[in-house]
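To start, the structure under review is shown below, and the notes come after it.
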There are 2 protein chains.
Amino acid sequence: MSAATASRVLSGRGPASKAARQRVAAAATELHYVPHAAARALATRSGTRIAVAVGGQTPHTLNDPYVGRVLAATAKTAAAREVGVSLHWLPLHAPDELARLAENRGIGGVILVNPTKPALAAVPKSLRGRIAAIGIGSRDVPSFDVDNGTATTRVVQHLLAGGRRRIAMITGPPWLPCTHRAVTAYHRAVDQAGTPPRLVPGDFTAARGEAAATEIMTRWPDTDAVFALGDLSALGALGALRSAGVDVPGDVAVAGFDDIAFAALSRPGLTTTTNPVEDIAARAATAVLDRRRSSSLTFYPSTLVLRESA
Amino acid sequence: MSAATASRVLSGRGPASKAARQRVAAAATELHYVPHAAARALATRSGTRIAVAVGGQTPHTLNDPYVGRVLAATAKTAAAREVGVSLHWLPLHAPDELARLAENRGIGGVILVNPTKPALAAVPKSLRGRIAAIGIGSRDVPSFDVDNGTATTRVVQHLLAGGRRRIAMITGPPWLPCTHRAVTAYHRAVDQAGTPPRLVPGDFTAARGEAAATEIMTRWPDTDAVFALGDLSALGALGALRSAGVDVPGDVAVAGFDDIAFAALSRPGLTTTTNPVEDIAARAATAVLDRRRSSSLTFYPSTLVLRESA
DNA sequence: CCTTGTGGTGGAAGCGCTTCCACGGGTGGG
DNA sequence: CCCACCCGTGGAAGCGCTTCCACCACAAGG
């Protein structure tokens, strides 16, 4: 029984007789053998382990319900394939961080969450086929994202149908392509209805949502609906409005995006539109693990969730 | 210039002349050299990279605001030391998973989050000095946790001071030592006040909080306060109560634990008690990276945050 | 019976790094 | 002036695995 044979059966590659297979399996379980991931990565020069790289201004971005959902879903599919998950913060101002990550081996694939354009541009060729992006919808890299254009249109139409005529929008970070898609859809929808566009930049955080709502009510006091890209911002806005004595949904309707768990927990319940992140993350994980270069841009449908706030 | 010399200056270990140091540094930056983590781990037989292992029934536990805070804080201190973070789910029924993790090298330290007793017992000796636990408060392994005994006492006393006399508690999972500490403190506090103990088991989730609140109001309709270990459960309870037409805090006061971001966002705002997880996680990360075996059990103070719900 | 194939096997090289060790050329003291 | 000493250096081994390749034994065909 040589190391070569053992390696063949344990890694499942190469020929091995039934007898050898059984002997190795028996020995492995008896000795509680665990392959040395580093050695394997070194020899194979292509680690297993999928890296989730989250873009953002501070490491604090990692603490976000959206990211939490991505992580849980990724960890689940990763565990099923017996690979690990590592977590990385991709500073907005250091796009080459991704290249370092890739060179630093041990990783078999990368899932980018909300990366900047420069970060996408800096994707090293060595990562081809083992990288996917979610939360952006870009063509530079295989992407999986929610169809937030259609979703935005539907939300705005719902608000219009409810009699709202001055609908403000709290956007996502300007450096995200998905922000542009949503903003475009928003513009088209309000233009079509002949109602004025009111845009305030956001960053997906609750704090920014609060500030943005205050800003909106100051600049345009007659606003009767606020749509925030991201439930966190929507909930922040909702809180700020109610603290200011504004009745929701009486005076102002509030709608969010993503349908995070807290959207249902808030009072009034937050009207929002789903984001099937779990599916998306699972698909992205599978794609990078299988080195599929397919499907450069896939959009997942979002469905409107009506609660009390709008 | 040999590989040996380069290795010495890059890893900062061993002697090297000033000239050599500079030449290596220059070459490294020019070539965008990134050390191969796997090779290094193999040679050193002690990887860098800190593993966060979260105990729980399903991978879904990874998606929890508490865990999110731990991850963000860990990633921050890890990034400052140029080490990676990997994420693991520690199934409740597979305590040896931790041993596999340890053998699977590449990791320099482990932070256990809410591990079970069997998992703690299964900690391999090879991990001595590079492991720490948070969220449990155990002596089996260096632990950093919030002082939830004192915090619980203070919450109950606050509820009593507010005139509440039938205070129910939604606990944490029974397999967590911290649940016992809090339950003990709760018992002592209500006994002292001569009010009846009302315990319902929880698991930190919002769904369980809702169910528990319903259960409480069914079994003990005259309950006038609910204290949940974990804001998620408290918010779930709060939602269920209000849906049942119960006025909060008029009829029933609700208090939580942890002071997650949503505690402030909810209406009424959730009265809770802080959990300095960020500090705790940072300290735990530093401890494992520095291989400190010190401080077997450190408790961090919690402060009461009064909002509208209690 | 010998040839040509086949599936299974072990030897050995090598993945990129660290670290032991032996060695050379400086310095200071005798 | 020579020796002992020490700092800085490069050669080489080895971390645990994979994988190429040569090899053997056997089965099937001529």
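When all heavy atoms are compared, the tightest approach of Phe204(B) to Asp64(B) is O-OD2, 4.4 Å. Closest approach of Pro276(B) and Tyr300(B) over heavy atoms only: CG-CB, 3.8 Å. For the residue pair Thr74(B) and Ala281(B), the shortest heavy atom distance occurs at OG1-CB, 4.0 Å. When every heavy atom of Arg181(A) is checked against every heavy atom of Ile136(A), the shortest pair comes out as NH2-O, 2.6 Å. Here the shortest heavy-atom pairing between Ala72(A) and Pro59(B) reads CB-O, 3.8 Å.
Across residues 8-28 of chain B, Arg8(B), Pro15(B), Ala16(B), Ser17(B), Ala20(B) each have a non-hydrogen atom less than 4.0 Å from an atom of DNA chain D (numbered order).
Checking each of Leu98(A), Val123(A), Val288(A), Val141(A) against Val110(A) for a side-chain contact (heavy atoms from CB on, under 4.5 Å) leaves exactly one that passes, namely Leu98(A). Shown are Val52(A), Ile280(A), Leu112(A); of these, the side-chain contact (heavy atoms from CB on, under 4.5 Å) with Ile134(A) is made only by Ile280(A).
Ranked by how close their nearest DNA chain C nucleotide is to the 5' end, Ala3(B) and Ser2(A) are led by Ser2(A).
Taking 4.0 Å as the cutoff to heavy atoms of chain B, we find the contact window on DNA chain C bounded by dG16(C) to dT19(C).
Remark: Ile131(B) CD1 to Ser126(B) OG distance equals 9.0 Å, nearest 0.5 Å.
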